[in-house]
2 protein chains.
Amino acid sequence: MTAANLRARVRAEMTEEIKQVAQRHLATDGANLSLRAVARDLGMASSAVYRYFASRDELLTAMIIDAYEAVGAAAARADAAATVASSPAVAPVERWVAISHAVRDWAVANPHQWALIYGSPVPGYEAPQDTIESAIRVIMLLAGVLRDALAAGELPAVPGQPAGRFGEELAAVAAQFGLDTPAHLVGATMYGFVHLCGAISTELYGQLNNSIDEDRRGFFEWQMRATAAFAGLR
Amino acid sequence: MTAANLRARVRAEMTEEIKQVAQRHLATDGANLSLRAVARDLGMASSAVYRYFASRDELLTAMIIDAYEAVGAAAARADAAATVASSPAVAPVERWVAISHAVRDWAVANPHQWALIYGSPVPGYEAPQDTIESAIRVIMLLAGVLRDALAAGELPAVPGQPAGRFGEELAAVAAQFGLDTPAHLVGATMYGFVHLCGAISTELYGQLNNSIDEDRRGFFEWQMRATAAFAGLR
DNA sequence: GCCACGACGAGAGCACTGCTCTTGCATGGC
DNA sequence: GCCATGCAAGAGCAGTGCTCTCGTCGTGGC
C-alpha cells in the first residue's frame, strides 16, 4: 500500500467519522445542523471540517445520500424477507405491505433523516444529481412487486393507459426504466409511493394528533392495503 | 374611540405590516426567515420587532396560522363554488376534486407556506394549540362532502368499521366532531387527506422530477379521483 | 395644564453561526 | 537534507436571535 493510498484511507475514515457525529446531531437536534458543533464534538477546529466537506450543504448532501441508502436497504431487506418467507407463493400484497412497513419503521426510528429526504427541502439547498439514483430505490421495489404479480398473472388486465398527457408520461417512465408494465401500473406504483410518503409525513409531523393516537401502525397498514388494492393486488 | 383603542389599532396595523413583510421574505427566501432582514425592510431596528413578536418562533406561528387560514379559505371557496355550480345535483366527486385542486393550486402558488404547515416542522418549533382549530378546515371540508353524499344516499352501505384498534379511534373521531358518518368514512376522509398532502408534497419537493414533468395537474386529479372512489364516490 | 407612566424605537452587546484566510506543523518523496 | 503537500488551528468577517439599557414621545389621571 502506497502512502497515498494510506492517506486516502485515513481521509475516508475521518470523513466517515464526521458523518457519524453529524448524524448523531441530526437525530437529536433536527435539521439545523451546526458544523461548528460537530467540529467541537470531534475535538477539532471548525475550519478543519472544511478539509472534508466544502460546505454545510455538502455535508447535508452526504447525509441525504446515506439516508436514501438506509431506507432503501431497509425496504429491500423487508421485501426479500417477505418474498422468501412465502416459499410457495406469497400474496404480492404482503410484499407491498412489508416494504411499506419497513419504510415507515425506518422513518419512525429516524424522523429527522426522513424529514431530510422526504420533508420540505432545506432552505437554499438543491438536491444534486448524486441523490437521484439512491432516491428511486423504494419506488422501484414497489414497481417490482407489481411487475412480478403481473408476470404471475395475479393482476387483472386493464386495457389502455390513464387518459391525459400524464398517461403518456407514465408510459414513457415505464419505457425509460425498462419496465414491461403498462402505464396504469406505473401510475399505481407512484400512487402507492405518494400515499406512503403522505402517510408517514402526516404521522411524523403531527397531522394525526388527536385523531389516531394509539394504533397508527394499524391505520398505516390499512391505508397501504388500500393502495395495493388500487393497483389490483388483493 | 378611546385613545387606548387607537393605540391598539396602530399596534395591530404594525403587527400586520410585519407579518406582510415576513410573508414576502418567506415567499422568496424560504423558511430561513430572518427577523433582522424583516426589520431592515421595515426601516426599523431589529429589537423593535420584539415589541410585537416575542421571538422568531412566535412570528412563525402567526404565519402558520395565516397559512392555514388561507388554504382553508381557498378550499372552502372552491367547495362552495362547486356546490353552487351544480344547481340540480352535482356529483359529490366533483366537490372532492374541486377542494383538492384548490389546495394544490394554493400550494403551488405558495410553496414555502405549504412547507411551513405541511412540511417538516421548523427545527426547535412545536405547534401551539392556536393552530389546531385552523388546521382541520380542509379535512373537515372533505368530510362534509362524504357526509352530504351519505345523506343523499349516494354512497354504498359499508357495514361495520375497519378492523383493529384504529377502527375504534376512527369511530371516536366521528363522535368527537359530531359527524354522523360511520367510521370507515372517517377513515376514507383521512385517507384522502393523507394522499392530498402526499401528492402535493411529493410534487413540490421534487419527487416527481423526471417522471411526471408536464401534466402534474392531470396526474394529481387522477389520484384524487382514485381517493374519492375509495371513499365510495363516483 | 402638568406630570408621571407606559409604550415604543434605537443602539450596543452577547453568543452563536457559516465560511475564508493565513500560519504553523508534520510527513513523505526526491 | 530539502521541499512540497496535506492537514489542523486560529483569527476574523458578516450574519443571526435575543437581551438590556436608554432616550423619546404620546397619553391618561390629577
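Comment: Glu221(A) does not engage Arg217(A) in a salt bridge, judged by the lack of any side-chain N to carboxylate O separation of less than 4.0 angstrom.
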Could you check Phe230(B) against Trp222(A) for ring pair (Phe, Tyr, Trp, His ring centres under 6.0 Å), going step by step and ending with a plain yes or no? CA-CA 12 Å; Phe230(B) 175 67; Trp222(A) 179 74; 5.6 Å; yes
List the steps and the verdict of side-chain hydrogen bond (donor to acceptor under 3.5 Å, both in side chains) for Trp114(A) and Ser201(A). CA-CA 8 Å; Trp114(A) 173 267; Ser201(A) 288; 3.1 Å; yes
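Sorted by first and then second residue, the pairs that involve residues 51-76 of chain B and meet ring pair (Phe, Tyr, Trp, His ring centres under 6.0 Å), not counting sequence neighbours, are Tyr68(B)-Tyr118(B).
Between Val145(A) and Leu141(A) there is no side-chain heavy-atom pair separated by less than 4.5 Å.
Rounded to an integer number of Å, the gap from Ile18(B) CD1 to dC8(C) P is 10 Å. Regarding Phe53(B), its CZ atom lies at a distance of 13 Å from the P atom of dC8(C), rounded to whole Å.
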Heavy-atom contacts, protein to nucleotides 9-22 of chain C, under 4.0 Å, summarised as B (base), S (sugar-phosphate only) or - (none) per nt, yield BBB-B---BBBBB-
